[in-house]
Amino acid sequence: GGGGAGGSATRGTGTNGNVFAGGGAGGAYAKKSLLTVVSGSSYTLNVGVGGVSVTDNTVAGGDTWFAAGLSTNCLAKGGAGGTNLASAGNSATSGGGIGSSTGCLGDTFYAGGNGGAGNATPKTGGGGGGSGGTSGIGLAGSSSTNTGAALVPGGGAGGNGMDGSTGGRGFDGGVPGGGGGGAHTSSANSFTGGTGGSGQLVLTVKALGTATRPTATLTLANLTQTYDGNPKAVSVISDPADLDRKSTRLNSSHEWISRM
């Protein structure tokens, strides 16, 4: 699924101090090992977009899924967004999004990593969590530095939180499904968190077994002929009808020849 957006940071007008928001959680991973598809049927695919941070709402990443008709066969949940923070206090911090596999569908699924909390010492927004991957759950973003989570096989890395004395927007999560980093502000300006990485959907198509050739029957007739020196035709009846076939006859030299 798509990564959650990093939390936004807003400091009240006319106040002093710093505000540090948490990072977004990574999107979950889900796998359906075997699904039989039917030629001519319709299937629906959706790739979850990464959460886009806004200053007044926590934004999760979108779900990624595959569906046959009305039945959803495989679904990976998007990561939760980091908590937005608007505060008049000094060194205020907020928590990161929590990774989860709840609501996933499939044979195997792994949660994305948690987003890191904002941290007043050092002065950083929280790192984004990494997405779940083929081998396990995603790693958590840092709550003690601004570092986003490293990627696991098949997953995406979390974005770094904003650090430094002036503040700014969090960094975007990696594709697929990394959580966005949390924002930091030390002024009256508001900064949004990083955008979560978009999800990913991988389809592997396999032919099951070996195709069997259909059975056909050929019936030959008019095989007994009186020789008079001229070629003699035979009849060929096929079941099913209209198959490409050869008919055989005896020529004037007593040789069997074929005709397409």
Side-chain angles (χ1 to χ4, degrees), residues 1-12 17-27 49-61 78-87 89-100 111-132 137-152 155-198:
S8 64
T10 303
R11 197 183 74 183
N18 294 271
V19 175
F20 311 96
V49 298
V52 179
S53 178
V54 293
T55 58
D56 58 354
N57 195 23
T58 298
V59 184
T83 303
N84 297 323
L85 182 59
S87 176
N90 186 28
S91 300
T93 62
S94 68
I98 303 301
S100 175
N114 296 340
N119 196 323
T121 307
K123 298 177 178 181
T124 66
S131 64
I137 63 175
L139 301 178
S142 177
S143 295
S144 58
T145 69
N146 71 317
T147 306
L151 56 82
V152 298
N160 290 342
M162 174 51 66
D163 64 352
S165 59
T166 59
R169 179 181 180 274
F171 292 88
D172 296 342
V175 176
H184 159 220
T185 186
S186 60
S187 65
N189 295 321
S190 294
F191 293 105
T192 57
T195 299
S198 62

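Owing to the predicted nature of the structure, the values given are computational and were not obtained by experimental measurement. Worth knowing before you read on, the calculation uses all heavy atoms, side chains too, and leaves out hydrogens, waters and symmetry mates.
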Side chains of T195 and R169 in contact at under 4.5 Å (non-hydrogen atoms): yes

Please examine the side chains of N119 and F20, heavy atoms only from C-beta on, and report whether any two atoms are closer than 4.5 Å. no

Contact summary for [X] and [Y], nearest pair of heavy atoms:
X	Y	result
L139	A150	CD1-O, 3.6 Å
S131	P176	OG-O, 2.7 Å
S186	G167	OG-N, 4.2 Å
S94	G22	OG-N, 3.1 Å
A117	G95	CB-CA, 4.0 Å
T192	A183	O-CB, 3.4 Å

When you look at CD1 of I137, are more than 12 heavy atoms from neighbouring residues, nucleotides or ligands closer to it than 6.0 Å? no

Within a reach of under 6.0 Å around CZ of F171, are more than 12 heavy atoms found that belong to other residues, nucleotides or ligands? no

In this structure, which one of T55, T10, V59, T58 forms a side-chain contact (heavy atoms from CB on, under 4.5 Å) with N84? T58

Option among L85, N18, D163 that satisfies the side-chain contact (heavy atoms from CB on, under 4.5 Å) test with H184: N18

Would you check if the side chain of S53 reaches a backbone N or O of G193 as a donor-acceptor pair within less than 3.5 Å? yes

Output yes when a side-chain donor or acceptor of N114 lies under 3.5 Å from a complementary backbone atom of G99, and no otherwise. yes

